[in-house]
Amino acid sequence: MNPLPDSLPDHPDRLWRSAEPKRSYDVVIVGGGGHGLATAYYLAKNHGITDVAVLERGWLAGGNMARNTTIIRSNYLWDESAGIYEHALKLWEGLEEDLGYPLLFSQRGVLNLAHSLQDVRESVRRVNANRLNGVDAEWLTPEQVKEVCPIVEISPDVRYPVLGATFQPRAGIAKHDYVAWGFARAAADLGVDLIEHCEVTGLDVRDGRVTGVRTTRGPIAAKKVALAAAGHSSVVAGFAGVPLPLQSHPLQALVSELLEPVHPTVVMSNAVHVYVSQAHKGELVMGAGIDTANSYRQRGAFHIIERQMAAALELFPVFARAHVLRTWGGVVDVTPDASPVVGLTPVEDLYVNCGWGTGGFKATPGVGWCYAHTVATGEPHPLNAPFSLDRFTTGRLVDEHGAAAVAH
Amino acid sequence: MLLIACPWCGPRDEAEFHYGGQAHVAHPEDPAALSDEEWARYLFFRDNPKGLFAERWSHAAGCRRWFNAVRDTATNEIHAVYRAGEPRPVIT
C-alpha cells in the first residue's frame, strides 16, 4: 500500500543543477560557501566568464555560510574597510531584485554598545569616520538606545553599564541559507557548474603557475584557481606552498527556542563579547567570541558559551527564562590585523580570498563582486587592493582589531 | 572543553589555562639583518596545520607556568605535554 496520499504536492523544483566535474574549466573556485558562490555569480554576470566550477567538499553552503549569525553592517573604522563593506551593503540593498530570490534582508539597524569611557571615545570616533566615508552612523545616549531596543538594560548598576552606542540604521540581517541558494541558483542559471562532495586534495603548480586542482573526484585542469575556503584556507593554499598569515579557530553561536518578537534590532557588544538579533521565525540568534586555541573542530568550548550567556543576561535580563535550543561552531580563519586577505598570490593565476575571521557573511556580495574582478582581470579591484597578502611585508596593515569590531 | 595535563599540576580544565599559540618560535638572532619578508614571516606568520601542532599553554589559574603541548587540531586530542625548553617529542 502506498503510504502517501495522492493529494501530496509535487516535490518542489530544484533551485540549481547539480553538475558532474568536467576535465577542465577557465576558473575553478575552491569552496562552495557564500563567497565562492557570489564570486561565481559575478564572474558570470559582470565578466561573462561562465566556464566556471565551484568545488565544495561537503554540501553547498554547509560550512560557515550555514553557521554565521547573519549580521550585515558596514560601520568599520578604516577607509579601506568602510570601502568594501559599504560596497557590500549597497549590493545587499538591491540583491533580492538582482537575484530574483527572497533573502529576508531586513535593515533593522545595529547597535554597537559602549561600556567604558574608552569605548565611548572609540565609538564616537568611529561614527565620525563612518560619516566621512558616507556610511550612516549615529551616536546614541543610553536613553536613545532604550528607545531603539527597549529590552536592553541601561541601569548604571550593572557590571558593564551601557554608556551609549553607535547605531547604523541601514545595517541588519538576512536569511543566510536563502542568500546561498539565491547566488547558487543565479550562478547555475548563467552556466556555472556547482559540484558538491568534491574535496580539493592538491593544487598543480608548474613553473610558478597553477594549472589545475586534484580532487576526490579526479583531477580538474584550470586556467585560474580562486580559493574561497575560509577556515581551511591554510590547508588548501599549503598545497601550492603559499603560506598565509592565518590561524583557524572555532567560533560558536546558538539560538533560543522560538519567542514572540521582542528584539527589534541587532545588538553587539565587543566588551562582553556577545551579539544578538532575533530571526524572522522568532529564535534569538547569539554569537560568541572565538575559542582561543587553534582548532579545525566545528565545536567550541562550553565555558565560552557560558561566558557569552552571562553577558547576554546582563544586557537583556528578559532572556533569563529563555532556553537554548541549539549551539554549534564553525572554523574561522583569523588574520593578525582582523582584516581579510583578498587578491593575488606568489603563484600565478592562483588567487586567495580568506581571513574574514568572524565577519565574512556581511561581505558576501561585495567580496564576490571584487574577487570576481580580481580573478577576471588578474588585477585587484580597487576596493580589495588594500587587502593584499603583501601588506604584512610592507606593514600597511588595516588594523580593525578593537578599533571597530573585535566581534564582527 | 579540553582536559589539559599541566606538567606540574596534572589534568585540569581548559578554563584554567591561557593559550600562547605556536611553540618553538625563536626570536631572530639579529633582527636588523632580516629582510622585510623574513621579518614579516617572523612577526605575522604562524603554522596553521590541520593535524599535529606544538603549542604553548600557561596554567594561568594554577601554577602560572608555561609549558608546551602537541595537540591534533583536527581532533583536539592532546598527544603530549612537556616543559618549556624541552624539545618537541616525536609522535608516532
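So you know, we letter chains A, B, ... as the sequences are listed, proteins then strands, and number each from 1.
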Exercise. Where along residues 52-61 of chain B does a heavy atom come under 4.5 Å of chain A, listed by residue number?
Worked result: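 Within residues 52-61 of chain B, the residues under 4.5 Å from chain A are B:Phe53, B:Trp57.
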Problem set entry | chain A-proximal positions within residues 14-31 of chain B [heavy-atom distance under 4.5 Å] |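 Listed by number, the contacting residues are B:Glu14, B:Ala15, B:Tyr19.
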Exercise. Around atom CZ of A:Arg396, are there more than 12 heavy atoms of other residues, nucleotides or ligands at under 6.0 Å?
Worked result: no
Exercise. Has B:Trp8 got more than 12 heavy atoms of other residues, nucleotides or ligands less than 6.0 Å from its CH2?
Worked result: yes
Just give me the residue among [options] that pairs up with chain A most often, heavy atom to heavy atom, under 4.5 Å.
options	value
B:Asn48, B:Asp47, B:Asp13	B:Asn48
B:Arg41, B:Glu37, B:Arg46, B:Lys50	B:Lys50
B:Gly51, B:Ser35, B:Ala40	B:Ala40

Problem set entry | Partner residues of A:Ser388 under the side-chain contact (heavy atoms from CB on, under 4.5 Å) criterion, sequence neighbours left out | A:Asp390, A:Arg391
Problem set entry | Any residue meeting side-chain contact (heavy atoms from CB on, under 4.5 Å) with B:Pro11, in chain and number order, not counting sequence neighbours |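 Testing B:Pro11 for side-chain contact (heavy atoms from CB on, under 4.5 Å), a comparison that skips the adjacent residues, returns B:Leu3.
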Exercise. Between CE of B:Met1 and NE2 of A:His303, what distance do you get to the nearest 0.5 Å?
Worked result: 5.5 Å
Seminar exercise, completed: Between the CZ atom in B:Phe45 and the CG atom in A:Leu244, the distance rounded to the nearest 0.5 Å is 7.0 Å
Select, from [options], the one with the greatest count of heavy-atom pairs under 4.5 Å involving chain B.
options	value
A:Asn294, A:Thr393, A:Thr292	A:Asn294
A:Arg299, A:Gln298, A:Arg297	A:Arg297
A:Leu246, A:Ile304, A:Val235	A:Leu246
A:Gly395, A:Ser234, A:Gly300, A:Ser233	A:Ser234

For this session: Pick one of side chain, backbone, both or neither for B:Thr75, based on which atoms fall under 4.5 Å of a heavy atom in chain A.
Result: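 For B:Thr75, backbone heavy atoms alone lie under 4.5 Å from chain A.
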Exercise. Is it the backbone or the side chain of A:Pro243 that comes under 4.5 Å from a heavy atom of chain B, or both, or neither?
Worked result: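 For A:Pro243, heavy atoms of backbone and side chain both lie under 4.5 Å from chain B.
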Exercise. Which atom names give the shortest non-hydrogen contact between B:Ala74 and A:Tyr296, and what distance separates them?
Worked result: CA-CB, 4.5 Å
Exercise. Taking B:Arg71 for the side chain and A:Ser295 for the main chain, is one N or O donor matched with an acceptor at less than 3.5 Å?
Worked result: no
Problem set entry | Name of the residue among A:Leu397, A:Asp337, A:Thr335 meeting side chain to side chain contact (heavy atoms under 4.5 Å, CB included) with B:Phe44 | A:Leu397
